[in-house]
Asker: 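Here it is, the structure in full.
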Amino acid sequence: MHRLSDAESRPVPSDAADEAVRVRFAPSPTGGLHIGGLRTALFNWLFARRHGGKIVLRIDDTDRERSKEEHLRSILNGFRWLGVTFDEGVEEGGPYGPYRQSERLPLYRAALERLVAEGKAYPCYCTAEELEESRKRQLAEGKTPRYPGTCRNLTPEERAAREAEGRKPVFRLKVDLDRPVVVHDVIRGDVVFPPDQLDDFVIVKSDGMPTYHFASCVDDAEMRITHIIRAEEHLSNTPRHVVLFRALGAPVPTFAHVPMILAPDRTKLSKRHGATSVEEFRALGFLPEAIVNYSLLLGYTPEDGSELFRLEELAPTFDLARIAKHPAVYDVGKLRWMNAHYLRTLPLERVYAYAEPFFKAAGYLPEEPDEAAKKTALERIEAVRERVATLVELVDAVSYFYRPVEAYDEKGVAKHFKNPAEVAERLRLAAERLAAVEPWTLETTEAAYRALIAELGISGGALIHPTRLALSGRTVGPGIFHLMVLLGKTETIRRLEAAIDWLKARA
RNA sequence: GGCCCGUUGGUGAAGUGGACGAACACACCGCCCUUUCAAGGCGGCAUUCAGGGGUUCGAAUCCCCUACGGGUCACCA
């Protein structure tokens, strides 16, 4: 790969240069897949697809304390469930592996040795206390705290002396800036940082582990990353990275800092605002389609203004420059609306597949459901899916198909079971008519009811509402004849009789 | 505190000097459809783009200042 001598960054590639595009998503496994992280990953994925490039999944696990294997698995699972794939990474491998920073330690070591040999980095023996004191002093003077440069020009003898004391050094990058650092950001334009803001920052910790900045830049350079698309919180850190890339003799990638996602109270989204991870949303009954679609909508609008789209549909026209500059507020209400949309428009079999684990958990389906059980579940899902917003609500909405009616909705009783004797009599007549209905279909049950309603000279609702309450215990649900058909003749009549008994006991 | 980023309705947002007397979607409020609830249809919902100055024949769009919000200044990522 050639180096652009003066260029500090690569331009957004034209179609001809698409081959070169390489992006990465680099989560640290200190938690599950956060909704903000997901969106960043999605933007990376789209950019790679749009330009026919590659996306790599790298794991930034240099934080030994907080990195957990279970979190890694959770992240991987999340992507798998959402249908997001990577071209290279911890699972798929690739030519630039390993893809886990904890396995790349020799690479960082080598990079450090190179920098030290070139005089671009040096060991620093200052203690945390010394540094803290200097920081406080500078802050008190209203200045940006910067490393005072104590160990910058230590003689070999001085170094030996500190080593002899048993001090474990950190390594700092020697930063000498005579002009501002310009960060080329596709979303925000050129961002200029004054040179006096940067100091000799730590690149390798005293335990020998690289800092995030160092590991990240070494990896991005070695993995030939061309575009870094990441969260906005990194924008302020970017000058450090630019300086690092230069020191490493690597081309500086182009950046795109995507805005943060805020909670409804306009503060940073966190656990106290409810679900924030893909895993949690999954457990709440949200579909992958909705989660992906909604995440993308937070800060991105396609040129045609459409809001409902699949990930792949967005790829051909995806444009980083269209990403919003300002943070977006997460609105669960809209997510619910979108989830409801997918619940009723996705192929029924698909919805069934998503619902199956929920049905099993509720005890409505066995571990190994047979075809008949599946078919029944399918029909019931079809009947209620357009009136619920999540899978959890869906399971609740079909509950009375799977278990007897244990109670009648209170408001429903007040309204439709108001005159027990009269209602009981109507239901008795209805049960009697239904007993004679054969075959048991939407048309035949309705015909029987319509006839009875006409004979009694009452409104349809006067019979239908009590019937719904009797059959489901609820005041809302699928069409009443649909309900009867799904329940079956025997069960319909049984429930009608149970309601009649209940009413008589109260008459 | 320094530096950096941002600010269009309750929310997501379109908008890159004239078609803006500001699209679209969610939410909300009406009406219609209807056995219920949904879904769907129709209509309403920013006299104005954080505030103030400029530039211009003309500004939500360009410039400056102020306010507010956020990020960052770690041997966390």
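All values derive from a computational prediction rather than experimental measurement. Throughout, protein chains are lettered first and strands after them, A, B, ... in sequence-line order, and every chain is numbered starting at 1. Quick note: numbers below take in every heavy atom, side chains included, and nothing from hydrogens, waters or symmetry partners.
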Asker: So does A/D219 pair up with A/R24, basic N to acidic O under 4.0 Å?
Answerer: no

Asker: Would you mind pulling out the nucleotide paired to B/U47, Watson-Crick or G-U wobble, both distances under 3.5 Å?
Answerer: none

Asker: Please state the P separation for the pair B/G21 and B/C73 - nearest whole angstrom.
Answerer: 45 Å

Asker: Using whole Å, what does the distance between atom C1' of nucleotide B/U72 and atom NZ of A/K268 come to?
Answerer: 11 Å

Asker: A cation-pi test, strictly: NZ or CZ of A/R474 under 6.0 Å from the centre of the six-membered ring of A/Y400 and no more than 45 degrees from its axis. Yes or no?
Answerer: no

Asker: Between B/G6 and B/A14, how far apart are the P atoms? Round to whole Å, please.
Answerer: 14 Å

Asker: Can you check the A/R64 CZ to B/C76 P distance for me, whole Å?
Answerer: 11 Å

Asker: Across the strands shown, which category fits A/V170 at heavy-atom distances under 4.0 angstrom: base, sugar-phosphate, nothing?
Answerer: base

Asker: I'd like to know if A/R428 and A/E425 make a salt bridge, using a cut-off of under 4.0 Å between side-chain N and carboxylate O.
Answerer: yes

Asker: Can you check the distance between B/U8 and B/C31, where both ends of the measurement are the P atom (answer in whole Å)?
Answerer: 33 Å

Asker: What's the gap between B/A38 and B/U72 when it is taken at their P atoms, as a whole Å value?
Answerer: 43 Å

Asker: Compare side-chain N and O positions of A/K205 against OP1 and OP2 of B/A74 and report whether any pair is under 4.0 Å apart.
Answerer: no

Asker: When we call it a touch if two heavy atoms are under 4.0 Å apart, what does A/H213 touch: a base, just sugar-phosphate, or nothing?
Answerer: base

Asker: Rounding to the closest angstrom, what is the interatomic distance between B/G18 and B/C62 at atom P?
Answerer: 12 Å

Asker: Taking only the C1' atom of each, what is the distance from B/G44 to B/G9 in whole angstrom?
Answerer: 14 Å

Asker: Are A/R152 and A/D176 close enough for a salt bridge, meaning some N to O gap below 4.0 Å?
Answerer: yes

Asker: With a 3.5 Å limit on both atom pairs, tell me what B/C42 is paired to, counting Watson-Crick and G-U wobble, or say none.
Answerer: B/G30

Asker: Regarding A/T238, tell me which of base, sugar-phosphate or nothing describes its non-hydrogen contacts under 4.0 Å with the strands shown.
Answerer: nothing

Asker: Do you know which two heavy atoms are closest between A/R179 and A/P195, and how far apart they sit?
Answerer: O-CB, 3.6 Å

Asker: Atom NE2 of A/H71 to atom C1' of B/C76: distance rounded to whole Å?
Answerer: 15 Å

Asker: Can you check each nucleotide of nucleotides 3-13 of chain B against protein heavy atoms at under 4.0 Å and return B for base, S for sugar-phosphate only, - for none, in 5' to 3' order?
Answerer: SSSSS---SBS

Asker: Any salt bridge linking A/D63 with A/R66? Criterion: basic side-chain nitrogen under 4.0 Å from a carboxylate oxygen.
Answerer: yes

Asker: With no hydrogens and no angle check, is any side-chain donor or acceptor of A/Y330 less than 3.5 Å from a backbone partner on A/S295?
Answerer: no

Asker: If we call it a pair only when both distances are under 3.5 Å in a Watson-Crick or G-U wobble match, what pairs with B/C73?
Answerer: B/G1

Asker: Starting at CG of A/N339 and ending at C1' of B/A25, how long is that distance when rounded to a whole Å?
Answerer: 17 Å

Asker: Starting from C1' on B/U72, measure out to CZ on A/F201 and report it in whole angstrom.
Answerer: 14 Å

Asker: In whole Å, what separates the P atom of B/C63 from that of B/U55?
Answerer: 15 Å

Asker: Side-chain N or O of A/R322 versus OP1/OP2 of B/G15: is the shortest distance under 4.0 Å?
Answerer: yes

Asker: So what does A/R66 touch, heavy atoms closer than 4.0 Å: a base, only the sugar-phosphate, or nothing?
Answerer: base

Asker: Expressed in angstrom and rounded to an integer, what is the separation of A/L262 atom CG from B/C68 atom P?
Answerer: 18 Å

Asker: Scan side-chain atoms only and decide if A/R230 and A/T238 contain a donor-acceptor pair under the 3.5 Å cut-off.
Answerer: yes

Asker: Is a side-chain N or O of A/Y294 found less than 3.5 angstrom from the main chain of A/D331, in a donor-acceptor match?
Answerer: yes

Asker: Do the ring planes of A/H213 and A/H241 sit parallel (below 30°), tilted (30 to 60°) or perpendicular (above 60°)?
Answerer: tilted

Asker: Determine, for nucleotides 30-45 of chain B in 5'-to-3' order, which nucleotides have protein heavy atoms under 4.0 Å from the base (write B), from only the sugar-phosphate (write S), or from neither (write -).
Answerer: -----BBBBSS-----

Asker: Looking at every strand, decide which applies to A/N237 at a 4.0 Å heavy-atom threshold: base, sugar-phosphate, or nothing.
Answerer: base

Asker: Establish, for the pair A/R167 and A/Y125, whether the NZ or CZ atom is under 6.0 angstrom from the six-membered ring centre and no further than 45 degrees off its axis.
Answerer: no

Asker: Using the C1' atoms only, state how far B/G40 lies from B/A13, rounded to an integer number of Å.
Answerer: 24 Å

Asker: Could you check whether A/K168 gets within reach of a base, just the sugar-phosphate, or nothing at all, counting any heavy atom under 4.0 Å?
Answerer: nothing

Asker: Both A/D60 and A/D196 contact RNA chain B. Which one's nearest nucleotide lies toward the 5' end?
Answerer: A/D196

